[in-house]
K.L.:
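If you scroll down you'll find the structure; I have some questions about it.
Here is how names work: the chains are called A, B, and so on, in the same order as the sequence lines, proteins then strands, and each is numbered from 1. The shown structure was predicted, so the numbers you read here are calculated from the model rather than taken from an experiment.
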Number of protein chains: 2
Amino acid sequence: MTISEVSKRCNISPDTLRYYEKAGLLLDVNRTAGGIRDYTEQDCTQIEFVKCMRSAGLSVEVLRKYFELFKRGKHTLKARRDLLATERKALQERFLELQGTLKRLDYKISVYDQAIASKNKELKF
Amino acid sequence: MTISEVSKRCNISPDTLRYYEKAGLLLDVNRTAGGIRDYTEQDCTQIEFVKCMRSAGLSVEVLRKYFELFKRGKHTLKARRDLLATERKALQERFLELQGTLKRLDYKISVYDQAIASKNKELKF
DNA sequence: ATAGCAGTTGGAGTTAACTCCAAGTCAAGC
DNA sequence: GCTTGACTTGGAGTTAACTCCAACTGCTAT
């Protein structure tokens with residue numbers, strides 16, 4: 001698969017794909033004789049993983065560390081597991097915080113609806 | 001309350017408080033005769049609101065718009081309500097996405113635990 | 001064999017959201 | 001009246017994560 005095919009399929013720009021590779025977020029992408037990237041299905045799966053983790057808020061740096069550990073071989077299995085567990089915990093916290101903020105927004109919106117219903121009474125903020 | 005008191009209480013740096021004010025995220029903070037900011041309880045409540053929304057991912061720009069509408073008076077009540085509803089919807093989406101990512105991470109961690117238990121069998125990534 | 005297009009690189013530019021800095025002001029204590 | 005320390009300002013600097021650019025290469029179809 002060429003970079004533009006992967007770009008469309010994963011909805012990530014070619015520039016970002018090259019950036020991720022340079023940053024160490026992709027394990028050795030194959031090249032054609034002419035030097036053009038030739039992605040495999042496996043690469044795509046990995047790219048989807050990176051995309052998913054990135055949009056959940058894991059930093060490029062953390063993912064770089066993860067793949068760096070990966071390249072060092074299987075004696076880093078536990079280190080990788082722990083890295084993921086740490087990130088999972090942080091995510092869980094942000095998840096709960098988000099839940100609270102959603103509730104707060106719901107409440108605020110309901111207060112607005114009441115204010116609008118009661119002849120446009122102004123609020124504090 | 002001085003800026004450093006609010007800073008400690010809300011756990012936001014004085015620089016950020018000034019930045020938020022300049023960006024239009026705080027409604028008219030009082031000043032002493034000497035020109036020093038003198039925050040009220042009400043200001044603190046608003047700062048907490050801003051902090052909460054920021055850490056949920058609402059942009060400074062969106063919050064600026066919200067408070068700009070506020071300053072225009074009560075004929076903007078519906079516009080403000082709608083702005084909050086739009087942000088709430090986006091947040092809800094990110095919330096669900098995060099939930100999925102948490103599950104994915106849980107699964108991946110369990111796969112790691114199995115790999116470690118089965119004499120350190122290496123994974124794809 | 002040449003035009004055109006998709007790909008390559010290193011490096012510069014952009015954006016959001018702070019964060020820091022220098023130069024100045026002011027009130028309080030010695 | 002002078003030092004000290006917290007405050008003020010405008011503006012410059014920083015960081016993460018892209019995003020864009022110019023110059024170049026190498027297939028492919030005419």
Side-chain angles (χ1 to χ4, degrees), chain A residues 1-26 28-40 43-44 46-68 87 90-91 94 97 101, chain B residues 1-26 28-40 43-44 46-68 87 90-91 94 97 101:
Chain A
M1 249 171 295
T2 68
I3 201 165
S4 63
E5 281 161 351
V6 175
S7 169
K8 264 168 219 152
R9 176 162 155 185
C10 301
N11 203 30
I12 300 182
S13 81
D15 269 319
T16 302
L17 286 170
R18 282 186 284 253
Y19 166 69
Y20 282 170
E21 189 180 336
K22 209 172 183 174
L25 272 55
L26 270 52
D28 38 81
V29 174
N30 269 0
R31 301 292 183 116
T32 66
I36 288 175
R37 288 173 182 80
D38 187 19
Y39 298 89
T40 63
D43 290 333
C44 278
Q46 207 190 124
I47 288 166
E48 283 294 358
F49 172 75
V50 165
K51 189 190 175 186
C52 179
M53 294 304 137
R54 280 292 304 123
S55 74
L58 272 72
S59 70
V60 167
E61 176 56 16
V62 157
L63 294 169
R64 193 197 58 72
K65 265 180 197 148
Y66 175 78
F67 287 109
E68 189 197 293
E87 294 306 312
L91 235 59
R94 298 205 298 109
E97 204 186 313
T101 304
Chain B
M1 249 172 296
T2 68
I3 201 165
S4 63
E5 280 161 353
V6 175
S7 169
K8 263 169 223 153
R9 177 162 154 184
C10 301
N11 204 29
I12 299 181
S13 81
D15 269 319
T16 302
L17 287 170
R18 281 185 284 255
Y19 165 69
Y20 282 171
E21 188 179 337
K22 210 172 183 174
L25 273 54
L26 269 53
D28 36 84
V29 175
N30 271 2
R31 301 292 183 116
T32 65
I36 288 175
R37 287 174 183 79
D38 187 18
Y39 298 89
T40 62
D43 290 332
C44 278
Q46 208 191 124
I47 288 165
E48 283 293 358
F49 172 74
V50 166
K51 190 190 174 186
C52 179
M53 295 303 137
R54 281 291 304 123
S55 74
L58 272 71
S59 70
V60 166
E61 177 56 17
V62 157
L63 293 169
R64 194 198 56 72
K65 265 180 197 147
Y66 175 77
F67 287 109
E68 189 198 293
E87 295 305 313
L91 234 59
R94 298 206 296 110
E97 205 185 313
T101 304

K.L.:
Give, ordered by number, those residues of residues 47-59 of chain A having at least one heavy-atom distance below 4.0 Å to an atom of DNA chain D; if nothing qualifies, reply none.
P.N.:
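Within this stretch, Arg54(A), Ser59(A) sit under 4.0 Å of the strand.
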K.L.:
Pairs under 3.5 angstrom only: tabulate donor-acceptor contacts from the side chains of residues 49-67 of chain B to other protein residues two or more places apart or in another chain.
P.N.:
unit_1, atom_1, unit_2, atom_2, d
Lys51(B), NZ, Cys10(B), O, 3.0
Arg54(B), NH1, Leu58(B), O, 2.6
Ser55(B), OG, Glu97(A), OE2, 2.6
Ser55(B), OG, Lys51(B), O, 3.4
Ser55(B), OG, Cys52(B), O, 3.3
Ser59(B), OG, Glu61(B), N, 3.4
Ser59(B), OG, Val62(B), N, 3.0
Glu61(B), OE1, Arg64(B), NE, 3.0
Glu61(B), OE2, Arg64(B), NH2, 2.9
Arg64(B), NH1, Glu68(B), OE1, 2.8
Tyr66(B), OH, Tyr112(A), OH, 2.6
Tyr66(B), OH, Phe125(A), O, 2.3

K.L.:
Would you jot down, in residue-number order, the residues of residues 4-26 of chain B having a non-hydrogen atom under 4.0 Å from DNA chain C?
P.N.:
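Nucleic-acid contacts, sorted: Asp15(B), Thr16(B), Tyr19(B), Tyr20(B).
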K.L.:
Side-chain contact test, heavy atoms from C-beta onward, threshold under 4.5 Å: evaluate it for Asp43(B) versus Val6(B) and give yes or no.
P.N.:
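Answer no - side chains too far apart.
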K.L.:
Got a second to check how far Tyr39(B)'s OH is from Gln46(B)'s CD, nearest 0.5 Å?
P.N.:
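That separation rounds to 11.0 Å.
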K.L.:
Taking side-chain hydrogen bond (donor to acceptor under 3.5 Å, both in side chains) as the definition, give me every residue that meets it alongside Thr16(B), ordered by chain and number, with sequence neighbours left out.
P.N.:
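With sequence neighbours excluded, Thr16(B) shows a side-chain hydrogen bond (donor to acceptor under 3.5 Å, both in side chains) to Ser13(B), given in chain and number order.
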K.L.:
Under a 3.5 Å cutoff on both atom distances, Watson-Crick or G-U, what's the dot-bracket for DNA chain C ([ ] crossing, | other strand)?
P.N.:
||||||||||||||||||||||||||||||
K.L.:
Mind checking which nucleotides bracket the chain B contacts on DNA chain C, 5' to 3', with an atom under 4.0 Å from a heavy atom?
P.N.:
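Under 4.0 Å from chain B, the extent on DNA chain C is dA17(C) to dC26(C).
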K.L.:
Please enumerate all residues that pass side-chain contact (heavy atoms from CB on, under 4.5 Å) together with Lys8(A), with sequence neighbours excluded.
P.N.:
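side-chain contact (heavy atoms from CB on, under 4.5 Å) list for Lys8(A), sorted by chain: empty.
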K.L.:
Of all the heavy-atom pairs spanning Leu17(A) and Leu26(A), show the shortest one and how long it is.
P.N.:
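Looks like O-CD2, 4.4 Å.
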K.L.:
Provide the full list of salt bridge (Lys or Arg N to Asp or Glu O under 4.0 Å) pairs with a residue in residues 10-23 of chain A, sequence neighbours left out, each pair given once.
P.N.:
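Sorted result for residues 10-23 of chain A: Asp15(A)-Arg18(A), Glu21(A)-Arg31(A), Glu21(A)-Arg37(A).
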K.L.:
What one-letter contact string describes nucleotides 22-30 of chain D from 5' to 3', where B marks a base within less than 4.0 Å of any protein heavy atom, S marks contact via sugar-phosphate atoms alone, and - marks no contact?
P.N.:
-----S---
K.L.:
Please round to the nearest 0.5 Å and tell me the distance separating atom OG1 of Thr40(A) and atom CE of Met1(A).
P.N.:
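Rounded to the nearest 0.5 Å, the OG1-CE separation comes out at 6.5 Å.
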